[in-house]
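Scroll down for the structure; my scribbles are underneath it.
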There are 2 protein chains.
Amino acid sequence: MSTDASTGWAERAQETLAAAGHRRGGARRALLELLDGQECALTAQEIEDALRPRGSARGQGGRRRVVSRASVYRILDELEQLRLVQRVETGQAMVRYERVSEHDEHHHHLVCDECGVVMPFSDAGLERAIKTLSERVPLAVSEHEIVLHGSCQDCCAA
Amino acid sequence: MSTDASTGWAERAQETLAAAGHRRGGARRALLELLDGQECALTAQEIEDALRPRGSARGQGGRRRVVSRASVYRILDELEQLRLVQRVETGQAMVRYERVSEHDEHHHHLVCDECGVVMPFSDAGLERAIKTLSERVPLAVSEHEIVLHGSCQDCCAA
DNA sequence: TTTACTGCAAATTATTTGCACGGTT
DNA sequence: AACCGTGCAAATAATTTGCAGTAAA
């Protein structure tokens, strides 16, 4: 419970999963560990690649295994339904996923339409505006997603 | 012929297309006409269905034709590249498309995660916040998209 | 033992593309 | 006549699902 927000996520996720009656499979554990360490959203493809055994041991156990694409999607779906993971639609071909923290201020995304890089950002004024308008709208708002498109600095320079 | 913003769109689109060296095909005309009359974003499927000939020609001008799915996507893509149409990612299975008006205040979207209904909304405070933060971010922002998820009034009542 | 978890491969489904014909200029 | 626009059907590519073996509890 203590510890910092990001470390807490994998733990909380594990507890939530257990409470929902899930066991502790290797693929799920590897995926939780990976997502917990990410600062921003990943595609299923990136996740699969990251979980593919390259070199070895990173982290304590370091016993990397191949995790099938099917498991990646299945687990991501479970996590999304439990609100532990959030989908991020960047307008690129593939959907992205990232962990949902209880403690951290959530962030939104900047997408460079030229090179495809995705960066997180957060803004208090924006959140305030969202919160205010959420109460004036004909919808019981549970989530919101904001994506800014444009050209990143590298692409502008080039 | 009124001169309101929505009527102007199809006209402007037509001019822009002509300037880009396009001819006037029937499918494209039908699609422009349809999009021009919409208040909110449609999926390719909805567009295809809407362009499917219902009963026989309704009224004299209604010379309905079938527009193939391939054309719908192709035309939507052209229009998007010319910035006449904008993609809207609602987190539902299919992407949505809507016209981009020069005059109208652009809007954003409310999505009911239960029944799937999509509604437009706009908010000056939100736009202001976006504009302000766009200048403080490491991206030359060209577009932004905001989607609020939740439960619509009908679903909350049910 | 019981039942969930996982990998593999086949199945789905939205979107794209190749090709030949018909329409626009 | 020249060539773009369109429909059709096949091709892609991301995501899902059926099945059988493996591993938690």
Side-chain angles (χ1 to χ4, degrees), chain A residues 13-34 41-53 61 63-82 84-97 116, chain B residues 13-34 41-53 63-82 84-85 87-97 116:
Chain A
Q14 191 55 259
E15 289 168 17
T16 306
L17 286 164
H22 291 99
R23 294 177 181 174
R24 317 189 144 210
R28 190 180 287 135
R29 183 173 313 157
L31 212 164
L32 287 181
E33 192 184 309
L34 174 68
L42 298 177
T43 63
Q45 178 71 65
E46 290 170 341
I47 291 172
E48 193 186 356
D49 290 345
L51 295 178
R52 183 166 299 150
R63 55 132 152 64
R64 303 264 129 148
R65 273 186 168 207
V66 175
V67 173
S68 75
R69 186 163 317 187
S71 290
V72 171
Y73 283 114
R74 259 184 308 231
I75 296 170
L76 249 14
D77 189 53
E78 291 171 3
L79 295 173
E80 192 194 352
Q81 293 193 300
L82 293 172
L84 291 166
V85 152
Q86 182 179 34
R87 295 163 66 92
V88 178
E89 314 252 343
T90 58
Q92 296 167 136
M94 305 190 298
V95 177
R96 287 170 178 275
Y97 301 84
Chain B
Q14 191 52 261
E15 289 167 17
T16 306
L17 285 164
H22 290 99
R23 293 180 181 173
R24 315 188 143 216
R28 189 179 288 137
R29 183 173 311 158
L31 213 164
L32 286 182
E33 192 183 307
L34 174 68
L42 298 177
T43 62
Q45 178 71 66
E46 290 170 341
I47 290 172
E48 193 185 355
D49 291 344
L51 295 179
R52 184 166 297 150
R63 98 158 120 93
R64 303 260 133 148
R65 275 181 162 213
V66 175
V67 173
S68 76
R69 184 162 318 185
S71 289
V72 171
Y73 282 113
R74 258 185 307 233
I75 295 170
L76 248 15
D77 188 54
E78 291 170 1
L79 294 174
E80 192 195 351
Q81 294 193 300
L82 293 172
L84 291 166
V85 152
R87 294 163 68 91
V88 179
E89 312 253 342
T90 59
Q92 296 167 137
M94 304 189 298
V95 177
R96 287 171 178 275
Y97 300 83

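In what follows, every chain begins at residue 1, and chains take the letters A, B, ... in the order their sequences are listed.
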Indicate, with a heavy-atom threshold strictly under 4.0 Å, whether A:Arg28 touches base, sugar-phosphate, or nothing.
-> sugar-phosphate
Hey, are the side chains of A:Leu79 and A:Thr16 touching, using non-hydrogen atoms and a 4.5 Å cut-off?
-> no
Among C:dT6, C:dT16, C:dC5, the nucleotide that comes nearest once only the side chain of A:Ser71 is considered = C:dT6
With the side chain counted from C-beta on, respond yes when A:Arg74 and A:Asp77 share a heavy-atom pair under 4.5 Å apart, and no when they do not.
-> no
Calculate the interatomic distance between B:Arg96 atom CZ and C:dA14 atom C1'; express it in whole Å.
-> 14 Å
The side chain of A:Arg23 lies closest to which of these nucleotides: C:dA14, D:dC3, D:dA24?
-> D:dA24
When you compare the protein's N or O atoms with those of nucleotides 9-13 of chain C, which come within less than 3.5 Å of each other, and at what distance?
none

Work out which heavy atom in B:Val67 is nearest to a heavy atom in B:Glu48; give both atom names and the distance.
-> O-CG, 3.8 Å
Taking D:dG7, C:dT6, C:dT16 as options, the one with an atom nearest any side-chain atom of B:Ser68 is D:dG7
Euclidean distance, atom OH of residue B:Tyr73 to atom P of D:dT12 [Å, nearest integer] = 18 Å
Taking the side chain of B:Arg74 as heavy atoms from C-beta outward, which of C:dT15, D:dA25, C:dT17 is closest to it?
-> C:dT17
Sequence neighbours left out, what passes side chain to side chain donor-acceptor pair (under 3.5 Å) with B:Gln14? Give chain and number order.
-> none
Please give, in whole Å, the distance from C:dG23 C1' to B:His22 NE2?
-> 16 Å
Taking A:Arg69 for the side chain and A:Ala44 for the main chain, is one N or O donor matched with an acceptor at less than 3.5 Å?
-> no
Could you check how far CG of B:Leu17 sits from C1' of D:dG5, rounded to whole Å?
-> 12 Å
What is the distance from CG of B:Leu76 to P of C:dT17, rounded to the nearest Å?
-> 14 Å
Between protein and nucleotides 20-22 of chain D, what N or O pairs are separated by less than 3.5 Å?
none

Among D:dG7, C:dT6, C:dT15, find the nucleotide with the atom closest to the side chain of A:Ala27.
-> C:dT6
Residues two or more places apart in sequence or in another chain: which of them pass side chain to side chain contact (heavy atoms under 4.5 Å, CB included) with A:Gln92?
-> A:Thr90, A:Arg96, A:Val111, A:Val118
Check: B:Leu84 and B:Leu32 side chains under 4.5 Å, non-hydrogen atoms | no
Closest heavy-atom pair and its distance - A:Leu42, A:Leu34 | CD1-CD2, 4.2 Å
Mapping B:Gln45 and B:Gly25 to their closest nucleotides on DNA chain C, which lands nearer the 5' end?
-> B:Gln45
Interatomic distance, CD@A:Glu78 vs NE2@A:His22, rounded to 0.5 Å, equals 4.0 Å
How many Å lie between CD on A:Glu48 and P on C:dT6, as a whole number?
-> 14 Å
Check against side chain to side chain contact (heavy atoms under 4.5 Å, CB included), A:Leu76 and A:Glu80 | CA-CA 6 Å; A:Leu76 249 14; A:Glu80 192 194 352; over 6 Å; no
Roughly how many Å is it from CZ in A:Arg69 to C1' in C:dC5, rounded to a whole number?
-> 19 Å
Got a sec, which residues hit side chain to side chain donor-acceptor pair (under 3.5 Å) with B:Arg24, two or more places apart in sequence or on another chain?
-> none
The helix from C:dT1-D:dA25 to C:dT25-D:dA1: angle between end helix axes, five pairs per end, rounded to 10 degrees = 30°
Length of the line joining A:Arg52:CZ and C:dG7:P, which is rounded to integer Å = 12 Å
Between B:Val88 and B:Ala41, which heavy-atom pair has the shortest distance, and what is it?
-> CG2-CB, 3.9 Å
